[in-house]
Participant: 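This structure is in structure tokens; I'll ask about it shortly.
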Amino acid sequence: MRGPSQDINIRIVIESLAAIALILLCIWLIENFFGRDIQENSLLSLGLLVLSGLSAGRLCQLIGLPSLTGYLGAGLFLGPSTLSIVNDNQVEKLQLVNSLALALIALQAGCEFTKEMLQKNFKSLFYGTFSHILIIGIGMTILFALMKPWVGFLEGFDNIEVITIAALFAAVAVSKSPAAVVAILGESSVRNKLSEHALGIVVILDVVVLILFSIVLAITKATLNPDAPFSMNALSHLFSEIFASITAGTFFGLFIIFYLRFIDRERLLFVVAISYGLTALCSYLHYDTLLVFVVAGFIVTNFSDQAEKMTHTIESLSSIVMIVFFATAGASLHLEELTKIWQLVIVMFLARAILTWLSEFTTHKAANSPIELKKYGFTPFISQAGLSIGLSVIIYDRLPDVGPKIATLAISVVTLNEVFGPILFKWGLNQSVKIEKVLT
Amino acid sequence: MFSLTLFVSNLGFLTQAKAFSYLSIPIVIGIIFSPDGIIPILPSTREDLSWALKVALTWTTFLAGTQLSKKTPYWGHVMKLLPIFLGYSLFYLISLILISYFAQNILNLEFFSNGNYSPQALALALLLSSALFSSQENPFLLSMVFVSLFFVFNSPEQNFQFADLVLPLGIGLIMGAVCRLIISPESVLDTPSRLTLVGLAILGTGWTVGLGSLEVLFGLSLGWALSFIHKYGICKDPNLKASDIPIRFIVALFAGLFIKLSITLFIIGLSLALFRLLIKYLLLNTGLRTAEDLEVLTSLLPISKLALPILLSLHLSPYSNHLTSFTLGSFCIGFITNDIITLLIEIYKTNTLTKKEALI
């Protein structure tokens, strides 16, 4: 997914920002001189998010940061935490764009999964999946449990209960952000061992984390509430949904191949139509949307010669969708929650970063990966976004007493990861390219 | 429903037809899925998507606005259109009589005062008739729609003012000037230009909607400002125009979703479409207006592409009431009827031509 043009200079950025300031001034003038109040609406917010996201993205590109950071920053600046021009209600209404963004991200990720790529990176993906679950999962569980004296809401829980709550928090910590990884890779256009490893791990972990999270949630609920017995029903249900998602993804992958091969008209519209249609179907049938689209993309790439058409179409559509997606993500971040428990959040953020580095170091040591992966392999996995927030919201809903507190902590950590993760990944990607150049 | 419409727009069937607008298909799909239709969707689902529809309305009129400078009327054009305006006067009278006869009971409107038609009734007939009688060659008739609004909505609760007309046009000009700051008129339609245009269109729509005015006016003004004042080359880019047809399909789908069918709507829409064709046939047959077959099929008979977005925008605005619902519904029935009849005429003409060619 290619971001806005790379040909950026300071004049363009200043002019873009001046343009936004001019619009805001005109709005103020009309409101005051014509006596016409402007009613709050999501379109005004969306327009401001797009224009300011574009300008902030350009500014970030100018100083060597990913555009994505600019989009997030613009959202954060206009959102409830800062200027409050965009509120939660308006962000909620923009979910229509977010579902399209997620579909595009997943399709793009699926298209990157070639058989050759999987064969070539099998070892690092295999070890990586296990090390992330074991090292980050167990590490975060132990740390969280040890932090009991400093975590106010754990007071009154016995050790077993604390460990299960810690495990639930750790399950969220294991999750990554496929969206951030795909967006950064699209912007930089770099394709190397690090990019392949990053894409592979984030997609595989997406499925694994869902399973892991469901198991831990079932155990935690049973531990915290002895009246609710541990049930494997939810888990078997989850497995059947995953199987159905893979089947649906395969079917729609074949459908996409058929369309691109035999009809091949208005590809852009076709992608929009299939994204919305399939997202609605997944939501109705409770399928994992991300998995369905990844499998569909995988089928298109590996069982036809239509993948190039597909990725080209996604790239032309994604620029606007990405700005809206990340700007609304920025607007939905609540810094005030983070500031209340900032010491705990920073400890968790640093611990997760260190454990991520450790798990990647172990992976590449075991897989005997090249030096760039050993050094910078951890950088893509700091980012967290939609999936992690989604899991936190489930905790909020399912555990009435302690759930909201765990969710607040988890979302606060996600906020930091969302802000710093993309910057780190872009840096890591650039460093890996430099090493490759030196080696060749 | 959304995907179905996009697929229909993608299939591109009936591409041989010149007179058929294809928009009738999404309107019918919309009617089927409307809250009162055969497969009803929840009204809340429709309302949730209304913000996306407003952007679509802006975009479709923005694209029309970029073409406005090409349609600047010149003397010869005015003379050519004069018989059409005469025909329109007759059509207006028919519309007024039909509405007052059939729709008096359902409209809850005072049709007569002191033995004459009330200004509101006259304006309502003007609104519907000008939208229906407009054509590809004569979209100027649609300006009557905006004139009629001053009289249709003149109650204390709903009062269409001069500012409602001027402010969105002004916002379009402001956004045009802002666009000039961000991208130069010589720019090509690359990703930043496209993003800037989309961003400005969305922001301007939000601003116009926030002021309680019509976003279609903003779209027209922005398109005109960019192509005419600032002479933006991107306005001529085929890739920009490529978005026109799919957006029109979406607009037509939503128009269908807002229609509540009734016998009265059927009678009025159907009869007005038939009268429209009859008047145009008379104009052509009496020699008041001369045109080649192709011109008749592509310019004279099809209803202006702007009429549907304007009426839908009106129905989505704060002025939305039973009158806008009635106008939109009658117009859509008339539109579908007109589409079907013009398609039949085209098929008949093509067959006659083929037979003649075979004989030769």
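Chain naming here is simple, since letters A, B, ... match the order of the sequence lines and numbering starts at 1 in each. Small disclaimer: the values here were computed from a predicted structure and weren't measured. Computed over heavy atoms, backbone and side chain alike; hydrogens, waters and symmetry mates excluded.
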Participant: Can you say whether S42(A) sits under 4.5 Å from chain B via the side chain, the backbone, both, or neither, judging by heavy atoms?
Facilitator: side chain
Participant: Report which part of A52(B) has an atom under 4.5 Å of a heavy atom belonging to chain A: side chain, backbone, both, or neither.
Facilitator: side chain
Participant: Looking at CG of L195(B) and OG of S16(A), how far apart are the two atoms once the value is rounded to the nearest 0.5 Å?
Facilitator: 11.0 Å
Participant: Enter the distance from I202(B):CD1 to S45(A):OG here, rounded to the nearest 0.5 Å.
Facilitator: 11.0 Å
Participant: Please classify the contact of I174(B) with chain A as side chain, backbone, both or neither, using a heavy-atom distance under 4.5 Å.
Facilitator: side chain
Participant: Which residues satisfy the salt bridge (charged side-chain N to carboxylate O under 4.0 Å, His left out) test with D164(B), sequence neighbours excluded?
Facilitator: R36(A)
Participant: Side chain, backbone, both or neither: which part of L46(A) has a heavy atom under 4.5 Å from chain B?
Facilitator: both
Participant: Determine, step by step, whether I23(A) and L203(B) satisfy the side-chain contact (heavy atoms from CB on, under 4.5 Å) criterion, reporting the C-alpha distance in whole Å, the side-chain angles of both residues, the deciding distance to 0.1 Å, and the verdict.
Facilitator: CA-CA 9 Å; I23(A) 293 170; L203(B) 184 59; 3.4 Å; yes
Participant: Under a 4.5 Å heavy-atom cut-off, does chain A meet the side chain of R194(B), its backbone, both or neither?
Facilitator: side chain
Participant: Would you indicate whether the side-chain heavy atoms of W207(B) and L43(A) approach each other to under 4.5 Å?
Facilitator: no
Participant: At a heavy-atom separation under 4.5 Å, does L200(B) approach chain A through its side chain, its backbone, both, or neither?
Facilitator: both
Participant: Inspect the surroundings of CZ in F151(B) and state if more than 12 heavy atoms from other residues, nucleotides or ligands are less than 6.0 Å away.
Facilitator: no
Participant: Are there more than 12 heavy atoms of other residues, nucleotides or ligands under 6.0 Å from atom CZ of F77(A)?
Facilitator: no
Participant: Counting heavy-atom pairs under 4.5 Å with chain B, which one of V50(A), I320(A), L48(A), I27(A) comes out on top?
Facilitator: I27(A)
Participant: Just give me the residue among V55(B), V178(B), I182(B) that pairs up with chain A most often, heavy atom to heavy atom, under 4.5 Å.
Facilitator: V178(B)
Participant: Could you list which of residues 310-319 of chain B have a heavy atom closer than 4.5 Å to any heavy atom of chain A, in residue-number order?
Facilitator: none
Participant: Between V209(B), T208(B), L167(B), who has the most heavy-atom pairs with chain A when the cutoff is under 4.5 Å?
Facilitator: L167(B)
Participant: Please list, chain by chain and in numerical order, all residues satisfying salt bridge (charged side-chain N to carboxylate O under 4.0 Å, His left out) with D36(B), sequence neighbours excluded.
Facilitator: none
Participant: Would you say that L22(A) contacts L181(B) through its side chain, given a criterion of any heavy-atom pair below 4.5 Å between the two side chains?
Facilitator: yes
Participant: Counting only non-hydrogen atoms closer than 4.5 Å, does Q161(B) touch chain A with its backbone (N, CA, C, O), its side chain (CB onward), both, or neither?
Facilitator: side chain
Participant: Under the rule for side chain to side chain donor-acceptor pair (under 3.5 Å), what residues qualify as partners of N154(B), not counting sequence neighbours?
Facilitator: none
